[in-house]
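Here is the naming used below: chain letters follow the sequence lines, and residue numbers restart at 1 for every chain.
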Number of protein chains: 2
Amino acid sequence: MLMVNKMEYNAKQLQIIQVAERLFAGKGFSGTSIRDIAHEADINVSMISYYFGSKEKLIEALFEVRSVESVTRLETIIANADLTPLQKIFILIDGAIDRLMGNQCFHNIMLREQLSGEDRTQVISDLIFELKFKNWEGLETIIKEGQKKGDFREDVNVSLLSATLYGTVNQIITTQSFFKKINNLEHLTQEEFEKDLKLKLSKHLKSIFKATVAYETIE
Amino acid sequence: MLMVNKMEYNAKQLQIIQVAERLFAGKGFSGTSIRDIAHEADINVSMISYYFGSKEKLIEALFEVRSVESVTRLETIIANADLTPLQKIFILIDGAIDRLMGNQCFHNIMLREQLSGEDRTQVISDLIFELKFKNWEGLETIIKEGQKKGDFREDVNVSLLSATLYGTVNQIITTQSFFKKINNLEHLTQEEFEKDLKLKLSKHLKSIFKATVAYETIE
DNA sequence: TACTAAATCAAACGTTTGTTTGATTTTTCT
DNA sequence: AGAAAAATCAAACAAACGTTTGATTTAGTA
């Protein structure tokens, strides 16, 4: 049996991970059988055990690949010098929207895992913790900088603000079709709709953040 | 086989629903077997088919019971006369926090269902739609009233504001333990923690809403 | 070209799944 | 008390599950 210890997945494995990601997002981990995955990926059922060891190890591999990607993307965003704290916050907001909307399947799976009472594996809960912490830390750093410069209020609760950012984006993503229906946007294509949604969401969150962290005088 | 058409569940059925609710919330619908439920509820496995017809019908019954409760609670909150629009919004916020925090299991299950690509049954997606619509409608009504009175801005996006309210609360609930750890609140009991959390969350959301919908002059 | 390792396959493995059966106990009602 | 209905049970059911096996094909190497 072939076994990979860390972060070296060949094209076939990545293809399996991609299919599994889509199915896990749609039907959940327990709701997806390895025969579903094998059928959709057009491979033999035994290939999953062969390549990953087990179904559990497959979802662990999925988390390893995708959370590394997500952390990388976040860190590129954070590393923006020569900007005011408020500008940095705005970039963080747009980055969050892009990351969450651009990887809906993975974030759907991650939301499911967070809803689970008992952790599936330590590996996964560690990766989720790391992601959440990096997100929180990114906001915390910028806010402290803004406070030191005198731009931001002193009584800002970073955890709650972080919850508002990621919670609002998640809520919008999971209730997209409701949003579409209620706002009479059903004539738009999915692409147009997403573009429109991103724009509105961005403006909405930026306005909330500005009103919450900055003194009124700031322009 | 006994079969109930609508909304008449005896004590035993409600007990089964309660156990199923806790297990579905913890492990998901597919991740929970009827033997799990039967064991925890201390009944024979066949009683679930006997009382509800099937596992699917059981979760439908769960949704029927709980969403009626939730809608009822919401409607009692909305029916508040002799209050300013802003006061009504504040009551709506506290009501949402209480409802979501007080029924974490059911709302956990509902979140899972919303994450599912294909609906499990039409019954469930209809009930979820009704709940979402009532929530949205409640906010919409108050905001329009505030606009007519001249208290509120004209450019308020109700859908996004609604997403911020329910999204923030959901996010805080699903990441409670992270919130506890990051804010060094691990010495508190669960009861103390929840009380503290509700208070902070309430203040946070009220401040966001006030800044978003009301003109600066409002006090 | 011949040998070796990797990849792929159909089939079977033992469990667990949701559901049904048929007998038995408990409750309800006259 | 006695008949009828409802509730409960252990057992069995077929289907689906994740995983393993052992044979076969493909790819890489010398």
Side-chain angles (χ1 to χ4, degrees), chain A residues 1-5 8-24 26-63 109 112-113 116 118-121 123-124, chain B residues 1-5 8-24 26-63 109 112-113 116 118-121 123-124:
Chain A
M1 183 209 295
L2 183 148
M3 188 57 52
V4 184
N5 52 347
E8 283 182 23
Y9 301 105
N10 61 39
K12 203 112 211 171
Q13 287 176 300
L14 290 174
Q15 178 215 344
I16 295 171
I17 287 176
Q18 198 179 338
V19 171
E21 181 178 43
R22 181 166 48 84
L23 295 182
F24 287 161
K27 320 199 283 179
F29 179 78
S30 311
T32 305
S33 72
I34 62 155
R35 283 174 178 81
D36 287 337
I37 301 169
H39 181 256
E40 293 269 320
D42 206 38
I43 53 160
N44 190 274
V45 281
S46 60
M47 297 310 290
I48 286 157
S49 298
Y50 177 72
Y51 273 129
F52 298 96
S54 69
K55 193 186 171 189
E56 296 261 337
K57 295 283 184 61
L58 168 59
I59 197 178
E60 284 185 18
L62 163 57
F63 265 88
I109 297 171
R112 284 182 193 269
E113 288 301 314
S116 290
E118 58 265 18
D119 298 324
R120 200 174 305 283
T121 76
V123 178
I124 292 179
Chain B
M1 182 209 294
L2 184 149
M3 190 56 53
V4 184
N5 53 345
E8 283 183 22
Y9 302 105
N10 61 39
K12 202 110 210 172
Q13 288 175 300
L14 290 174
Q15 178 215 343
I16 294 172
I17 288 177
Q18 197 179 337
V19 170
E21 182 177 41
R22 180 166 48 83
L23 295 182
F24 287 161
K27 319 197 286 179
F29 179 77
S30 311
T32 305
S33 72
I34 62 156
R35 283 172 178 82
D36 286 338
I37 301 169
H39 181 255
E40 293 269 321
D42 206 38
I43 53 161
N44 190 276
V45 281
S46 61
M47 297 310 291
I48 286 158
S49 297
Y50 178 72
Y51 273 129
F52 298 95
S54 69
K55 193 187 172 189
E56 295 259 339
K57 295 283 185 60
L58 168 59
I59 197 178
E60 284 185 18
L62 162 58
F63 265 89
I109 297 170
R112 284 181 193 270
E113 288 300 315
S116 289
E118 58 264 19
D119 298 326
R120 200 173 306 283
T121 76
V123 177
I124 292 179

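A:I37 approaches A:A20 most closely through the heavy-atom pair CD1-CB, 4.1 Å. Residue A:K55 comes nearest to A:T32 through the heavy atom pair NZ-O, 2.7 Å, listed as atom of the first residue, atom of the second, then distance. For A:F24 against A:R112, the heavy-atom pair with the smallest separation is O-NE, 3.5 Å. The two residues A:S116 and A:R120 have their closest heavy-atom pair at OG-NH2, 4.4 Å.
Whole-Å rounding puts the A:I16 CD1 to D:dG18 P distance at 15 Å. To the nearest angstrom, P of C:dT16 lies 11 Å from CG of B:D36. A:R35 places its CZ atom 12 Å from the C1' atom of C:dT15, with the value rounded to the nearest Å. The interatomic distance linking A:K57 (NZ) with D:dT19 (C1') rounds to 13 Å, in whole Å. Atom CD1 in B:I43 sits about 17 Å away from atom C1' in C:dT26, given to the nearest Å. For A:M47 and C:dA10, the CE to P distance is 12 Å, given to the nearest whole Å. One can place CZ of B:F52 at 15 Å from C1' of D:dT8, the figure rounded to the nearest angstrom. Rounded to an integer number of Å, the gap from A:I34 CD1 to C:dT8 C1' is 15 Å.
Here the nucleotide nearest the side chain of A:N10, chosen from C:dT20, C:dA7, D:dT19, is C:dA7.
Taking 4.0 angstrom as the limit, A:Y51 places a side-chain polar atom (N or O) nearer than this to OP1 or OP2 of C:dT8. Within the structure, every side-chain polar atom (N or O) of A:K55 is placed at least 4.0 Å from both OP1 and OP2 of D:dC17. Of the side-chain N and O atoms in A:N44, one or more sit less than 4.0 angstrom from OP1 or OP2 of C:dA10. Within the structure, every side-chain polar atom (N or O) of B:Y50 is placed at least 4.0 Å from both OP1 and OP2 of C:dT20. Close to D:dC17, at under 4.0 Å from its OP1 or OP2, lies a side-chain N or O of A:S33. A:K12 has a side-chain polar atom (N or O) that falls below the 4.0 Å cut-off from OP1 or OP2 of C:dT8.
A donor-acceptor pair is defined here as one N or O able to donate and one able to accept, closer than 3.5 Å; such a pair exists between the side chain of B:Q15 and the backbone of B:A41.
Counting any heavy atom pair closer than 4.0 Å across all strands shown, A:S30 reaches no nucleic acid atom.
Put simply, the side chain of B:S46 and the base of D:dC9 share a donor and an acceptor less than 3.5 Å apart.
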